[in-house]
Amino acid sequence: MEKNITEAEWKIMHVLWELSPLSLKEIIEELKKEKAWSNTTVRTLIVRLMEKGFIDADKTTSTFKYYPLVQKEECQIKEAKNLINTVFEGSMGMLVTAFAKKGKLTEKEQEELRKLIDKIEEE
């Protein structure tokens, strides 16, 4: 069974991709800027991410420092493929149409969409 990152776990992954390696305390401090999760919740999410093989910890010091084992882009592509297959019945065209109907895409959004399409077509 393929392992996916949950919505809550994505928050931790974004912090680690941006700032790793970080201790549990540092992760909690970063997350407090947008989420009011308890220390136990964050610890549980970290354990799950470790069990799934998405992150690991440097245990050579008294304070564990957590870091990602997977690249951000790799996870984003996998998630995008899951979205396309699940929501858009495997149709890239349906996805693009949905984005286009949303309204005018910014230049950045257009570039990101082009990159996504190119990357998916490569694989």
Side-chain angles (χ1 to χ4, degrees):
M1 181 177 192
E2 216 166 292
K3 297 175 179 133
N4 293 315
I5 299 173
T6 66
E7 185 176 342
E9 292 167 347
W10 273 101
K11 302 284 185 200
I12 291 172
M13 291 302 296
H14 284 297
V15 168
L16 290 175
W17 281 317
E18 183 74 24
L19 303 168
S20 73
L22 294 174
S23 67
L24 175 62
K25 182 179 177 182
E26 292 168 327
I27 294 169
I28 290 167
E29 287 304 312
E30 281 300 314
L31 290 171
K32 280 184 180 175
K33 294 175 183 176
E34 69 175 81
K35 287 285 184 190
W37 287 337
S38 71
N39 295 3
T40 305
T41 298
V42 176
R43 188 177 308 111
T44 299
L45 292 169
I46 287 173
V47 168
R48 286 184 192 164
L49 285 165
M50 289 180 74
E51 289 172 350
K52 292 178 178 182
F54 290 112
I55 67 172
D56 203 355
D58 177 0
K59 301 171 185 170
T60 59
T61 62
S62 60
T63 304
F64 291 2
K65 293 283 190 168
Y66 298 93
Y67 57 91
L69 292 174
V70 293
Q71 297 294 316
K72 183 176 183 179
E73 184 178 272
E74 174 188 341
C75 292
Q76 290 172 325
I77 296 295
K78 182 180 170 207
E79 194 71 22
K81 283 182 178 181
N82 287 340
L83 175 72
I84 292 164
N85 289 331
T86 304
V87 177
F88 297 100
E89 301 169 359
S91 170
M92 179 64 72
M94 287 174 65
L95 171 71
V96 173
T97 301
F99 276 110
K101 285 183 179 178
K102 167 191 156 225
K104 183 168 172 41
L105 298 175
T106 66
E107 288 293 324
K108 183 179 180 188
E109 289 171 330
Q110 290 176 27
E111 182 60 29
E112 288 173 357
L113 188 54
R114 280 188 206 98
K115 284 180 184 177
L116 174 64
I117 292 168
D118 291 344
K119 193 74 165 175
I120 290 172
E121 287 176 348
E122 287 174 12
E123 296 178 5

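Keep in mind that what you see is a predicted model, and the values were worked out from it rather than measured.
Of all the heavy atoms in F54 and K3, the pair that sits closest is CZ-O, 3.6 Å. Taking every heavy atom of both residues into account, K78 and N4 meet most closely at NZ-OD1, 3.5 Å. A pairwise comparison of heavy atoms in V42 and L24 identifies CG1-CD1, 3.8 Å as the closest pair. Summarising the geometry of I5 relative to C75, their closest heavy-atom pair is CD1-SG, 3.8 Å, with the distance given to 0.1 Å. Closest approach of P21 and K65 over heavy atoms only: CB-CB, 3.8 Å. Annotation for W10 and Q76: closest pair CH2-N, 4.0 Å, computed over non-hydrogen atoms.
Transitive grouping of hydrophobic side chains (ILVMFWY, heavy atoms separated by less than 4.5 Å) brings L45 and L19 into a common cluster. M94 and I77 fall within a single hydrophobic cluster, where Ile, Leu, Val, Met, Phe, Trp and Tyr are joined by side-chain heavy atoms under 4.5 Å apart, directly or via other members.
By the 4.0 Å N-to-carboxylate-O rule, E73 lies too far from K115 to be salt-bridged with it. Salt-bridge formation is not detected for the pair E111/K108: no Lys NZ or Arg NE/NH1/NH2 atom is positioned less than 4.0 Å from an Asp or Glu carboxylate oxygen.
Rounding to the nearest 0.5 angstrom, the gap separating the NZ atom in K35 from the OG1 atom in T41 is 11.0 Å. Here the CD1-CD1 distance, from I55 to I27, works out to 6.0 Å after rounding to the nearest 0.5 Å. Annotation: the span from Y66 atom OH to S23 atom OG amounts to 8.5 Å, rounded to 0.5 Å. Once rounded to the nearest 0.5 Å, the distance linking CD of E30 with CG of L16 reads 10.0 Å.
The 12-atom threshold is not exceeded at CD of E18, counting heavy atoms of other residues, nucleotides or ligands nearer than 6.0 Å.
M13 has its side chain within reach of V70: a pair of non-hydrogen atoms, C-beta onward, lies under 4.5 Å apart.
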Can Y67 and L69 be said to form a side chain to side chain contact (heavy atoms under 4.5 Å, CB included), step by step? CA-CA 7 Å; Y67 57 91; L69 292 174; 3.7 Å; yes
Intermediate values then yes/no, side chain to side chain contact (heavy atoms under 4.5 Å, CB included), R43 and I46: CA-CA 5 Å; R43 188 177 308 111; I46 287 173; 5.7 Å; no
List the steps and the verdict of side chain to side chain contact (heavy atoms under 4.5 Å, CB included) for E34 and V15. CA-CA 11 Å; E34 69 175 81; V15 168; over 6 Å; no
Review item, side-chain donor-acceptor pairs of residues 83-90, under 3.5 Å, at least two apart:
unit_1, atom_1, unit_2, atom_2, d
N85, ND2, K81, O, 3.2
T86, OG1, N82, O, 2.8

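Proximity of a side-chain donor or acceptor of W37 to a complementary backbone N or O of I28 within less than 3.5 Å is not detected.
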